[in-house]
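Since the structure comes first, as structure tokens, the remarks are kept for the end.
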Amino acid sequence: MENVNNITVLFGSLISVLLSVVAYFIKQLHTDFKRMEKDLIEVKTMALIIKTEFKSGNDLLNQKVEYLEKRLNNLELLIFNTHDYEK
């Protein structure tokens, strides 16, 4: 009878230790997931900032191209008109 009690206590202690180890690793895993979630949010924010900066830079470039096209058209008209007057 005493052997059965000793074996029960031994197995109970072993199971408790194993469950404690499992709980520790689950806690570490949970902490890692929280950290990864925080990093992912930061990456998304940085990607949004980069996207916004790229879009504004692209819009500014398009405005400059349109302005230069208008100037070029005006210069072409001026040159063609001057050339027509010379004839």
Side-chain angles (χ1 to χ4, degrees):
M1 187 73 168
E2 193 174 312
N3 278 340
V4 173
N5 286 339
N6 286 340
I7 292 175
T8 305
V9 170
L10 179 66
F11 278 129
S13 300
L14 183 63
I15 290 173
S16 294
V17 169
L18 290 176
L19 285 176
S20 298
V21 169
V22 169
Y24 172 77
F25 283 116
I26 289 175
K27 182 180 175 185
Q28 291 298 320
L29 186 64
H30 179 67
T31 304
D32 290 344
F33 274 115
K34 287 292 185 180
R35 192 177 309 129
M36 185 178 65
E37 181 182 18
K38 180 182 164 190
D39 291 344
L40 186 62
I41 290 170
E42 187 177 323
V43 167
K44 284 183 179 179
T45 304
M46 291 301 294
L48 185 62
I49 289 170
I50 291 170
K51 180 181 174 184
T52 304
E53 288 177 355
F54 179 75
K55 186 176 179 184
S56 23
N58 191 29
D59 290 343
L60 183 62
L61 253 158
N62 286 336
Q63 287 176 358
K64 288 181 179 182
V65 167
E66 288 175 9
Y67 174 72
L68 288 174
E69 285 177 347
K70 286 180 185 177
R71 284 189 65 193
L72 185 61
N73 286 336
N74 289 340
L75 286 173
E76 286 175 345
L77 287 174
L78 181 66
I79 289 172
F80 289 141
N81 287 339
T82 305
H83 186 66
D84 287 342
Y85 287 134
E86 290 177 357
K87 287 185 179 180

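For the numbers below, each heavy atom of this structure counts, side chains included, while hydrogens, waters and symmetry mates do not.
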Gap separating the CG atom of D39 from the NZ atom of K44, nearest 0.5 angstrom: 12.5 Å
What's the spacing between L77 CG and T82 OG1 if we round to 0.5 Å? 10.0 Å
For residues L68 and L72, determine if any side-chain heavy atom of one lies less than 4.5 Å from a side-chain heavy atom of the other. no
CE on M46 to CD1 on I41, rounded to 0.5 Å: 15.0 Å
Rounded distance [0.5 Å steps], NZ in K64 versus CG in N62: 11.5 Å
Could you tell me the separation between the OG1 atom of T45 and the CD1 atom of I50, rounded to the nearest 0.5 Å? 11.0 Å
Please round to the nearest 0.5 Å and tell me the distance separating atom CG of L29 and atom CZ of F25. 10.5 Å
Counting heavy atoms not belonging to E42, are there more than 12 under 6.0 Å from its CD? no
For the residue pair M36 and F33, establish whether any side-chain heavy-atom pair is separated by less than 4.5 Å. yes
Option passing side-chain contact (heavy atoms from CB on, under 4.5 Å) with L18 (candidates L14, V22, V21): L14
